[in-house]
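Basis for what follows: all heavy atoms, side chains included, without hydrogens, waters or symmetry-related copies. Just so we're clear, the structure is a prediction, and the values are computed from it rather than from any experiment.
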Amino acid sequence: MGDQVTDAGWWSDAVGYEVYLRSFADSDGDGIGDLPGLISRLDHLADLGVDIVWVTPFYPSPMADFGYDVADHTGVDPRFGTIDDLDRLVAAVHERDMRLLIDLVPNHTSDQHEWFRSALADPASPYRDFYIWRDGAPDGGPPNNWRSHFGGPAWTLDEASGQWWCHLFLPEQPDLNWANPDVRAAFEDIITHWLARGVDGFRIDVAHSLVKHPSFADNPVLVEVGPDASAGEAFGAMRHDHDLDQPGTLDVYRDWHRLAREHDAVLLGEVYLDSAEAVGAYVADGVLDLSFFFPVLHTTWDAEVLRHVVTATLTHGRGRFAWVHSSHDDPRAPTRFGGGDRGRRRALSFLAFTAFLPGPLFLYQGDELGLVDGEVDPAAASDPVAVRNTNPDGGRDPVRTPMPWSPDAPNLGFSTGTPWLPMPANHTAADTVDAQREDPGSTLHAVRRLLRTRRERRPGTDPVELLAEGPAEVLGYRSGDVLVVLNAGDRTVTVPLPGPVELAFSNGTVDVGSGRAVLEPDAVAVMEVTT
């Protein structure tokens with residue numbers, strides 16, 4: 001089902017792993033994860049079966065949005081280490097036959113970036129046109145009705161000049177003007193800088209947002225919301241015809257694609273659009289190599305919902321949508337699927353179900369442990385979504401709590417100091433890497449077995465045929481000799497088989513034989529058809 005990749009690279013069937021750097025491993029006791037800490041834990045990732053290590057921003061930053069407000073695109077923030085540490089990370093990743101993917105943040109900079117400081121200080125500065133400035137509305141308000149993802153208008157007034165700057169996120173994150181060829185040239189230099197240092201590609205932050213419609217017209221309002229609406233509700237209350245997903249964005253990536261090919265590097269987009277067809281345009285030949293498809297991250301445990309997401313991915317992804325189940329911005333899969341042991345079982349089963357479909361598979365740190373969202377006291381909230389809004393959606397802190405490594409060490413082995421975000425009480429000794437490594441029945445061992453099985457049966461080389469027969473709560477597909485069946489219902493089901501099979505991986509109680517597979521609720525079976 002769906003076309004296969006026509007120019008597959010080394011990334012086409014890889015296993016990626018997102019490292020949220022400030023919460024991964026702290027080497028110096030300041031409570032913030034850092035590059036040396038990551039280096040010290042690379043063997044865990046190599047042992048797990050990871051091919052790509054994606055590390056979130058390490059650049060100098062005021063940390064208004066924890067590094068996604070970049071003040072220098074070619075440096076390393078002292079909180080995370082030094083440029084020498086970055087070079088050591090590149091070398092250490094490569095020594096373990098893995099590749100390094102780093103975040104690139106092209107939609108905006110920090111307001112402390114030298115470009116914006118110059119633009120703000122002098123309207124005649126050559127950097128003024130690096131950003132988006134507009135006169136206000138006739139009533140003295142913002143230039144249009146665009147909203148910020150983080151709450152409030154997407155515009156802030158510069159009282160000195162009387163103009164407003166655009167920011168789809170925080171006011172401290174002014175949007176760049178991608179209609180300016182000098183901005184495009186500057187980012188090509190940034191990309192070349194990091195490729196020359198040996199990184200293997202980029203995950204592109206909010207990749208669908210760079211170019212704005214030149215009219216800067218109001219976005220159509222879908223539903224009126226009150227002043228107490230959350231940031232997410234207010235942003236979702238309009239159709240984003242003029243601020244997101246503008247055609248000129250793809251031209252930027254076509255230029256980047258040529259640069260990446262010179263270094264055999266990969267471009268992975270965070271294209272946060274709900275339409276699989278729209279996301280598919282970003283991974284057309286010669287544009288981005290890969291994209292995340294975020295409806296996968298928002299699925300509930302419902303057979304029809306899961307089936308719709310899988311079908312959309314196969315139809316429009318052409319093997320270039322990366323399967324991702326949790327992230328530093330979204331609820332962890334075990335929490336989304338009900339929490340507790342059942343949520344963990346469901347998350348592992350859906351991970352296994354997608355593992356043999358075309359496209360790379362990405363884990364978020366802690367997925368291999370079955371971590372649920374951490375419980376964070378509102379008084380300890382750090383995420384600007386939580387602390388800057390009266391109705392805050394809960395924020396992203398619960399998915400950013402520190403990684404638990406050891407049951408016997410302070411802060412479960414994350415740091416000898418006070419963590420920047422408290423260790424959650426609902427993450428216990430049993431959730432740590434060391435404890436699960438000693439438990440053959442742990443989620444960690446199950447994920448290792450799954451990734452080993454996946455490596456032995458490389459996905460994406462054969463067409464995918466979705467199974468049409470069987471109970472409604474069952475999802476299944478066959479690709480070559482691999483047959484995968486998932487029971488997303490609440491009763492034990494029996495699924496007919498095409499012939500003799502060998503069970504390669506399972507999660508839950510599965511009985512395979514006599515021409516049928518019997519699966520308990522939430523179970524998955526990965527089988528190899530032997531005739």
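The distance from atom OG of S125 to atom CG of L120, rounded to the nearest 0.5 Å, is 10.0 Å.
For D289 and R320, the salt-bridge test fails: no basic side-chain N is under 4.0 Å from an acidic carboxylate O. At a threshold of 4.0 Å, the pair K212-D243 does not count as salt-bridged, since none of the basic side-chain nitrogens sits closer than that to a carboxylate oxygen. Under the 4.0 Å criterion applied to side-chain N and carboxylate O atoms, R344 and D522 are not assigned as salt-bridge partners. Remark: D383 does not engage R388 in a salt bridge, criterion side-chain N to carboxylate O under 4.0 Å.
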Check against side-chain hydrogen bond (donor to acceptor under 3.5 Å, both in side chains), S61 and D69: CA-CA 6 Å; S61 168; D69 50 319; 3.0 Å; yes
Evaluate the side chain to side chain contact (heavy atoms under 4.5 Å, CB included) criterion for residues D264 and R99: first the C-alpha distance (whole Å), next the side-chain angles of each, then the deciding distance (0.1 Å), finally the verdict. CA-CA 11 Å; D264 195 26; R99 312 272 188 142; 4.3 Å; yes
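R197 pairs by the side chain to side chain donor-acceptor pair (under 3.5 Å) definition with D87, not counting sequence neighbours. Residues meeting the ring pair (Phe, Tyr, Trp, His ring centres under 6.0 Å) test with F80, sequence neighbours left out: none. Legend: residues meeting ring pair (Phe, Tyr, Trp, His ring centres under 6.0 Å) with Y477, ordered by chain and number and at least two apart, are F353. The side chain to side chain donor-acceptor pair (under 3.5 Å) test applied to E304 returns R307, not counting sequence neighbours.
For the salt bridge (charged side-chain N to carboxylate O under 4.0 Å, His left out) condition, the pairs that include at least one residue of residues 143-167, sequence neighbours left out, are R128-D158. Listed by first then second residue, pairs satisfying side chain to side chain donor-acceptor pair (under 3.5 Å) with a partner in residues 186-196 number zero, not counting sequence neighbours.
Y253 and Y282 have tilted rings, their planes meeting at an angle from 30° to 60° on a 0 to 90° scale. The aromatic rings of F150 and F169 sit perpendicular, their planes meeting at an angle over 60°, well past the 30° parallel limit. Ring pair W178/F187 is tilted by interplanar angle, where 30° to 60° counts as tilted.
The ring of H263 has its center no closer than 6.0 angstrom to the ring center of F202. In this structure, H167 has its ring center no closer than 6.0 Å to that of F116. Y131 has its ring centre no less than 6.0 Å from the ring centre of W165. Aromatic rings from F66 and W420 are positioned such that their centres are separated by under 6.0 Å.
A ring-ring contact (aromatic ring centres under 6.0 Å, His included) with F362 is found for one member of Y17, W11, F292 and no other, namely F292.
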